[in-house]
J.: 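Pasting a structure below so you can have a look.
Hydrogens, waters and symmetry mates play no part in the numbers below; they use all other heavy atoms, side chains included. Source: prediction; values computed, not measured.
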Amino acid sequence: QVDLVESGGGLVQAGGSMRLSCVASGPIFGVNVMGWYRQAPGKQRELVAQVATSGTHYANSASGRFTISRDDAKNTVDLQMNSLKPEDTAVYYCSADLRTIYQRSLIRTYWGQGTQVTVSS
């Protein structure tokens with residue numbers, strides 16, 4: 001089975017930085033898009049940033065402060081977050097649109113279990 005495991009969450013003061021990492025493992029044939037989403041209490045899950053072979057995309061709230069990077073050889077995606085604000089507090093989820101060796105023509109979205117990021121004011 002495919003697993004996505006996040007790491008790097010925790011508590012940070014406003015203005016600080018934090019780096020999230022995610023590794024995808026299992027019977028992976030190819031990864032199309034990897035990204036980070038977040039969900040704050042009482043709110044819907046929203047896209048933070050994603051990276052594909054064609055380039056990167058950032059939510060307006062993340063642009064200029066966050067940087068997403070990807071290592072295709074290791075199937076990892078990182079999110080460097082700078083100038084953090086209390087409104088960045090949320091559970092951050094890693095996602096990957098990928099194909100497995102068992103269904104090479106089918107692209108499915110897989111999710112990590114989430115990691116809590118708390119920014120104190």
J.: Quick one: do N32 and R99 satisfy side-chain contact (heavy atoms from CB on, under 4.5 Å)? Show the steps, please.
T.: CA-CA 8 Å; N32 285 26; R99 293 170 287 165; 4.1 Å; yes
J.: For a side-chain hydrogen bond (donor to acceptor under 3.5 Å, both in side chains) check, start with the C-alpha distance between D97 and T109, then their side-chain angles and the critical distance, and finish with the verdict.
T.: CA-CA 4 Å; D97 296 343; T109 300; 2.6 Å; yes
J.: Nearest 0.5 Å, please: how far is CZ in F29 from CD in Q103?
T.: 13.0 Å
J.: For the ring pair W111 and Y37, is the centre-to-centre distance below 6.0 Å?
T.: yes
J.: For D78, is there an ion pair with R70 - N to carboxylate O distance below 4.0 angstrom?
T.: no
J.: Assess, by modelled atom type and distance only, whether the side chains of N82 and Q80 contain a donor and an acceptor separated by less than 3.5 Å.
T.: yes
J.: Can you name the nearest heavy-atom pair linking S121 to P86, along with the distance?
T.: CB-CG, 3.8 Å
J.: Enter the distance from S120:OG to Q13:CD here, rounded to the nearest 0.5 Å.
T.: 5.0 Å
J.: Do V119 and Y92 sit in the same hydrophobic cluster, where Ile, Leu, Val, Met, Phe, Trp and Tyr count as joined when their side-chain heavy atoms come under 4.5 Å apart?
T.: yes
J.: Are M81 and T67 packed together at the side-chain level, in the sense that at least one heavy-atom pair is separated by less than 4.5 angstrom?
T.: no
J.: Might you work through the side-chain contact (heavy atoms from CB on, under 4.5 Å) test for L4 and V23, ending with a clear yes or no?
T.: CA-CA 6 Å; L4 271 65; V23 57; over 6 Å; no
J.: Going by the side chain to side chain donor-acceptor pair (under 3.5 Å) test, which pairs reach into residues 42-55, not counting sequence neighbours?
T.: R38-E46
J.: First locate atom CG of L98, then atom CG of N75, and finally report the distance between them rounded to the nearest 0.5 Å.
T.: 8.0 Å
J.: Kindly compute the distance separating OG1 (T115) from CD (Q113), expressed to the nearest 0.5 Å.
T.: 7.0 Å
J.: If you measure from CG on L79 to CE on M18, what distance do you get to the nearest 0.5 Å?
T.: 11.0 Å
J.: Is any side-chain heavy atom of R65 closer than 4.5 Å to one of K85?
T.: yes
J.: For a quick test of reading the model, state the closest non-hydrogen atom pair linking C94 to E6 and the distance between them.
T.: N-OE2, 2.8 Å
J.: Taking V117 as the fixed residue, which of T89, V91, L20, D88 is the one that meets the side-chain contact (heavy atoms from CB on, under 4.5 Å) rule?
T.: L20
J.: Decide whether Y93 and W36 are clustered together by the hydrophobic rule: side chain heavy atoms of Ile, Leu, Val, Met, Phe, Trp, Tyr closer than 4.5 Å, transitively.
T.: no
J.: Tell me whether V33 is reachable from V77 by hopping between hydrophobic residues (I, L, V, M, F, W, Y) whose side-chain heavy atoms are closer than 4.5 Å.
T.: no
J.: Taking the side chain as every heavy atom from C-beta outward, state whether V12 and T118 have any atom pair closer than 4.5 Å.
T.: no
J.: With a 4.5 Å heavy-atom cut-off, do Y110 and V31 have their side chains touching?
T.: no
J.: Measuring from atom OG of S69 to atom CZ of R19, what distance do you get when rounded to the nearest 0.5 angstrom?
T.: 5.0 Å
J.: Does the side chain of D71 pick up a donor-acceptor pair with the side chain of T76 at under 3.5 Å?
T.: no
J.: Is there side-chain contact between Y58 and L47, with heavy atoms separated by less than 4.5 Å?
T.: no
